[in-house]
Protein chains: 2
Amino acid sequence: MPASERKKREYVQREDLIIHTARKLLLDMGYLDLNMDRIAEVTEYSKGTIYQHFSCKEEILVAMLSESAEKAGKFLLRGSDMKGKPRERMAAMAVGYDLFVGLNPDHFKAQLLVQNESIMRKASPVLQRKLEGCNQRNMHIVSGVLRDAVAEGHVKLKEGVTAEEVTFGLWTGALGAYVLMSSEVNLNALGVTDPRKAVWDNMHALLDGFGWRPLSKELDYEQTRGRILKEVFPQESAQMGMA
Amino acid sequence: MPASERKKREYVQREDLIIHTARKLLLDMGYLDLNMDRIAEVTEYSKGTIYQHFSCKEEILVAMLSESAEKAGKFLLRGSDMKGKPRERMAAMAVGYDLFVGLNPDHFKAQLLVQNESIMRKASPVLQRKLEGCNQRNMHIVSGVLRDAVAEGHVKLKEGVTAEEVTFGLWTGALGAYVLMSSEVNLNALGVTDPRKAVWDNMHALLDGFGWRPLSKELDYEQTRGRILKEVFPQESAQMGMA
DNA sequence: CCAAAAAATTGACGATTAGTCAATTTCTGT
DNA sequence: ACAGAAATTGACTAATCGTCAATTTTTTGG
């Protein structure tokens with residue numbers, strides 16, 4: 001790595017360029033056609049220089065995913081900072097995540113691949129741990145809101161159930177759903193015409209099931225959703241045409 | 001394809017051999033080290049013969065996944081055939097699926113990859129459609145039980161919510177969870193010590209949230225689970241050491 | 001400002017592996 | 001037994017990963 005400050009800045013900048021190029025290529029052509037020669041060509045650096053930054057193709061994927069996981073974290077954080085009851089804040093995080101996914105269609109394409117151990121294993125331990133850190137932080141943001149709800153007496157978890165396990169449920173529901181949406185599975189043929197709405201509905205059913213007040217029959221979460229879009233994510237929801 | 005009956009049988013048998021070899025290699029060495037030369041070597045056929053059956057590496061993956069999706073369907077079916085209330089039958093399907101995943105650890109490794117459009121796209125339309133058919137059938141088995149519950153008045157879905165959307169929720173929860181479990185994500189570090197139990201708990205919370213009777217506070221589903229293991233999947237649960 | 005050393009950059013190269021196809025072997029019907 | 005069809009083979013081409021010796025650029029010290 002370069003020593004001088006200016007060099008270091010340029011180095012970081014180039015790293016960004018590589019990641020963003022790879023992201024674009026992944027989205028345009030898919031994993032199998034994403035290759036180092038092309039990345040070198042598009043970034044206008046040589047292959048050797050690319051390898052100065054990343055030890056292999058898969059490492060770029062992990063870096064890419066880390067970056068977008070961090071971005072997702074910002075959306076979650078903004079959701080969790082909303083003024084309101086914990087369950088409304090949870091809803092805001094769901095809306096935020098949904099917006100994040102819509103605005104970063106490459107995220108789940110990368111996630112799907114990086115989830116594969118044989119691909120993940122090729123990345124350096126440093127980047128592996130960085131990504132794990134992101135996931136951990138993001139999960140913590142979500143479980144924090146749940147813990148607030150417990151502390152304020154809005155929900156009482158059964159004996160032996162932890163906030164992390166419930167958060168895991170929220171995470172897996174979202175993960176599975178967005179994975180399916182970003183893949184080639186024909187949800188329409190399966191009778192799921194509006195998967196994003198289904199995710200929203202199912203999340204509320206899950207939270208209702210845990211007895212997290214106010215239950216969806218006690219509060220109109222559709223209205224809350226409108227408020228979240230307007231107050232927390234005005235710019236993003238406009239960008240997604242959800243005004 | 002061969003004309004005579006015996007030849008045809010042998011052809012199918014060899015196709016199985018190829019799939020099973022690929023399955024084993026995928027599990028042992030991961031996707032990146034799964035290669036056609038190795039498959040040819042292990043099956044003791046030449047590469048050309050392998051390509052007689054499958055147009056590319058990815059096609060083998062899709063065939064592999066189709067096969068195990070069919071197998072999963074059998075577990076679901078057995079669960080849905082259990083004597084009892086629809087919600088117990090749903091629980092039986094969840095237990096069955098969990099057993100299936102435990103007994104077929106390669107399934108989600110393949111699923112993860114095949115979910116990726118760039119990999120899926122390389123397979124032939126025939127196999128693509130076959131897999132889609134499996135998914136459709138499996139989803140239909142699950143939503144069928146839900147429809148039974150609706151018909152018998154055990155649950156009333158809200159206006160605008162279909163059985164398919166709820167099934168989608170069950171599916172995505174399970175998919176996301178097993179994907180994470182079969183990947184390198186360190187769930188323990190995230191505070192999830194028993195993800196399989198979490199999946200079970202979260203499913204019940206979801207069904208409770210939809211108001212599907214009997215609710216988990218009205219019936220001891222732990223006991224139901226014991227009965228399912230004993231009555232529906234005695235052999236498999238013993239094999240998994242869940243007696 | 002210059003020269004020597006250090007650092008960064010390059011792309012040709014070796015190695016691996018996907019997929020093809022002409023040559024060979026095996027099978028089938030008469 | 002034999003001709004022709006079908007199946008099988010593995011050497012070959014092409015693509016692409018990752019390396020590294022040669023080259024260019026930058027920095028340093030006088």
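Just so it is clear: chains get the letters A, B, ... in the order the sequence lines come, proteins before strands, and each one is counted from 1.
Taking atom CD of residue B/Glu15 and atom P of nucleotide D/dT8, one finds them 12 Å apart after rounding to whole Å. Distance B/Arg6 CZ to D/dA6 C1': 13 Å, rounded to the nearest Å. Whole-Å rounding puts the A/Ile18 CD1 to C/dA8 P distance at 14 Å. Rounded to whole Å, the distance from CD on B/Gln52 to C1' on D/dA5 is 14 Å. Rounded to whole Å, the distance from CD on A/Glu44 to P on C/dG11 is 12 Å. For the pair A/Asp33 CG and D/dC17 P, the computed distance is 11 Å after rounding to whole Å. Distance CG (B/Leu25) to P (C/dA18): 12 Å, rounded to an integer number of Å. One can place OH of B/Tyr45 at 14 Å from P of C/dT26, the figure rounded to the nearest angstrom.
Residue A/Leu34 is classed as a sugar-phosphate contact, given heavy-atom separations below 4.0 Å to backbone atoms only. Within 4.0 Å (heavy atoms only), B/Arg14 reaches sugar-phosphate atoms of the nucleic acid but no base atom. A/Arg38 comes within 4.0 angstrom of nothing in the nucleic acid, heavy atoms only. When heavy atoms are screened at a 4.0 angstrom cut-off, A/Ile50 is found touching no nucleic acid atom at all.
Residues B/Tyr11 and B/His53 bring their aromatic ring centres within 6.0 Å.
Using cut-offs of 30° and 60° for the angle between ring planes, the B/Phe108 and B/Tyr97 rings count as perpendicular.
For the atom pair CG (B/Leu206) and CE (B/Met90), the distance works out to 9.5 Å, reported to the nearest 0.5 Å. Taking OG1 of A/Thr172 as the start and CG of B/Asn202 as the end, the distance is 6.0 Å to the nearest 0.5 Å. For the atom pair B/Leu61 CG and B/Leu112 CG, the distance stands at 11.0 Å (nearest 0.5 Å). We find the NE2-CD1 distance between A/His20 and A/Ile39 to be 13.0 Å, quoted to the nearest 0.5 Å.
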Grab the N/O contacts between the protein and nucleotides 13-15 of chain D below 3.5 Å, and write none if there aren't any.
none

Using a cut-off of under 3.5 Å, enumerate the N/O to N/O pairs linking the protein to nucleotides 19-23 of chain C.
| from | atom 1 | to | atom 2 | distance (Å) |
| --- | --- | --- | --- | --- |
| C/dG19 | OP1 | B/Lys122 | NZ | 2.6 |
| C/dG19 | OP2 | B/Tyr51 | OH | 3.1 |
| C/dG19 | OP2 | B/Lys57 | N | 3.2 |
| C/dG19 | N7 | B/Lys47 | NZ | 2.8 |
| C/dG19 | O6 | B/Lys47 | NZ | 2.7 |

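Taking both residues in full, the closest heavy atoms of A/Tyr51 and A/Cys56 are given as CE2-CA, 4.1 Å, listed atom of the first, atom of the second, then distance. Of all heavy-atom pairs between B/Met64 and B/Ala22, the closest is CE-CB, 3.6 Å.
Distances were taken from every side-chain heavy atom of B/Lys7 (C-beta onward) to each of D/dG10, C/dG11, C/dT28; the shortest belongs to C/dT28.
At the phosphate of D/dT9, OP1 or OP2 sits under 4.0 Å from a side-chain N or O atom of B/Thr49.
Atom NZ of A/Lys74 is surrounded by 12 or fewer heavy atoms from other residues, nucleotides or ligands within 6.0 Å.
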